[in-house]
Amino acid sequence: MVLKAIRFDAEGGALQILNQLKLPHQTQYDDVKSAEDGWHAIKDMRTRGAPAIAIVAALSLAVELHKETLSDSATDVAAFVVEKLKYLVTSRPTAVNLADAARKLERVVLNAASASGATGQTVEKAYCDAAAQMLVDDVADNEAIGQHGSQWIANVAGGGKVSVVTHCNTGSLATAGYGTALGVIRSLHKMGNLQHAFCTETRPYNQGSRLTAFELVHDKIPATLITDSMASALLHLKGKSERITAIVVGADRVAANGDTANKIGTYQLAITARFHGVKFLVAAPRTTIDLSTASGAKIVIEERPGKEMTMIRGPVLDGIDLDVSQQRTVNIAAQGIDVWNPAFDVTPAELIDGIVTEVGVVEKGPDGKFDLTLAMEAINEGIKPVSVGSP
Ligand SMILES: CSC[C@@H](O)[C@@H](O)C(=O)COP(=O)(O)O
């Protein structure tokens, strides 16, 4: 069975998302019938992960447009789409993929509306085709990220099997399929180069223990779960014997200087990686690179409700059996305590050794700094970024 976070039928105009609040206990797909449904699925974290958020948002509007022809007027349909895209972008602020997708789709509809003979229907079709293509492209991009990243790690290790650590969930559940950082791990495993993967629990929302662990078990990848607070001890105590070569994480937004916003806890992993001489690799598609943001200081960090930290959800224990059909939320913190719950942190570029994209691994220049504007320009001109061992 292939894990699919997003099910989309372009012909029938139907969209379903795997409800990630129910995982790992229950596999339940929820219908998404409109942009409003998409907004709520993203806000409530029933779907999450930077690429998946962007795709679900785009497709939710596609199914709404598919339902009925809004107007024969191309400009009216374009205006409607632009408004809805603006609304969708407000669902979660940190991951840039959503804003990037909205910008591209806006361009698609404005171009379609200004084409000669444009009608409401042609604009709708242009939008739906472009949104559907995002789903297709993401899987191919992730497979390429996996290939480049695994090759880079294998080269760093200089032969033999390697172990890696990852954080949050960056796999099939966070993307259209395969995953970014988890795609690198999948690829290492496929190449026969993976000794062991360690995944962090990823408090407070437990994307690691609920989702990444679920994917690793599903794919039969040798893996062990640790709490976030065990990462330094792992590198210290098991680093040599386990040959932990790299920590590989995803990203929600990479600034032009390489500073990277990702799930809260990423920054402390980068610090411990540097201290222990372990490579720190960020895996993300180019849609996550935000050249308009000069540095991490400008990235807006989403703050989530405190109850995500103070409450925990799980299936009911009925005698000795788990009743997965019933999930309950229980309080695990002292009543009345103040809570700070930033969903992401920013890892300074200084602590990052490489940024693996679908076209290769970008490394620092001779000045020890990333220049992603230059790297992206080079890519657009057909020159590969600094890339070690890329196929
Ligand atoms: C390929 S997913 C990359 C990132 O989006 C991921 O690491 C992450 O931080 C997800 O956060 P989430 O809050 O679960 O959406």
Side-chain angles (χ1 to χ4, degrees), residues 3 5-6 17-21 23 41-57 91-101 134 137-139 141-146 149 165-186 199-215 228 247-254 260-270 280-290 296 299-305 308-309 341-347 352 355-358:
L3 274 180
I6 304 166
I17 51 133
L18 181 54
N19 183 338
Q20 300 194 23
L21 299 178
L23 287 174
I42 294 166
K43 187 77 179 172
D44 304 347
M45 306 259 290
R46 277 179 290 135
T47 193
R48 24 81 33 218
I53 289 171
I55 295 164
V56 169
S91 55
R92 291 191 75 191
T94 304
V96 73
N97 309 55
L98 174 52
D100 179 73
M134 285 180 174
D137 291 346
D138 191 53
V139 180
D141 287 349
N142 292 337
E143 285 172 354
I145 288 170
V165 178
T166 193
H167 187 55
C168 196
N169 175 265
T170 59
S172 294
L173 297 170
T175 62
Y178 202 73
T180 56
L182 197 45
V184 172
I185 293 174
R186 282 200 161 94
C199 66
T200 59
E201 183 185 28
T202 318
R203 284 285 292 150
Y205 209 64
N206 294 326
Q207 287 94 332
S209 55
R210 293 189 303 110
L211 309 176
T212 301
F214 180 72
E215 291 201 38
D228 304 357
I247 296 183
V248 54
V249 299
D252 287 84
R253 192 182 292 248
V254 181
T260 295
N262 190 48
K263 180 50 54 191
I264 190 78
T266 303
Y267 179 24
Q268 66 192 18
L269 286 174
F280 195 82
L281 189 63
V282 169
R286 283 178 291 163
T287 49
T288 307
I289 296 173
D290 177 14
I299 299 176
V300 176
I301 299 294
E302 174 188 9
E303 287 204 23
R304 305 265 324 159
E308 287 181 357
M309 200 186 302
N341 185 17
F344 304 97
D345 57 27
V346 175
T347 300
I352 298 169
I355 299 168
V356 52
T357 72
E358 65 276 27

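Just the heavy atoms: all of them, side chains too, but no hydrogens, waters or symmetry mates, feed the values below. As the structure lists them, so they are numbered: ligands from 1, and atoms in each ligand from 1.
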For ligand 1, which of its N or O atoms have a protein N or O partner closer than 3.5 Å, and how long is each gap?
residue  : atom   : partner : partner atom : Å
ligand 1 : 5 (O)  : A50     : N            : 2.9
ligand 1 : 5 (O)  : D252    : OD1          : 3.2
ligand 1 : 5 (O)  : D252    : OD2          : 3.0
ligand 1 : 7 (O)  : N262    : OD1          : 2.7
ligand 1 : 9 (O)  : D252    : OD1          : 2.8
ligand 1 : 9 (O)  : N262    : OD1          : 3.2
ligand 1 : 9 (O)  : K263    : N            : 3.2
ligand 1 : 13 (O) : R92     : NH1          : 3.4
ligand 1 : 13 (O) : R92     : NH2          : 2.8
ligand 1 : 13 (O) : K263    : NZ           : 2.8
ligand 1 : 14 (O) : R48     : NE           : 2.7
ligand 1 : 14 (O) : R48     : NH2          : 3.3
ligand 1 : 14 (O) : Q207    : NE2          : 2.8
ligand 1 : 15 (O) : G49     : N            : 3.0
ligand 1 : 15 (O) : R92     : NH1          : 2.8

Report task. Could you tell me whether F214 atom CZ has more than 12 heavy atoms of other residues or ligands within 6.0 Å of it? Result -> yes
Requested in this report: Taking the side chain as every heavy atom from C-beta outward, state whether E215 and L211 have any pair of such atoms under 4.5 Å apart.
Outcome: no
Query raised in the report: Got T260 and V346 here, is their nearest side-chain heavy-atom distance under 4.5 Å?
Result: no
Query - Residue pairs involving residues 281-290 (criterion salt bridge (charged side-chain N to carboxylate O under 4.0 Å, His left out); sequence neighbours excluded) - result: R253-D290, R286-E358
Report task. Spell out, as yes or no, whether a donor-acceptor pair under 3.5 Å connects the side chain of R48 to the backbone of N169. Result -> yes
Query - R304 side chain to N341 backbone, donor-acceptor under 3.5 Å - result: no
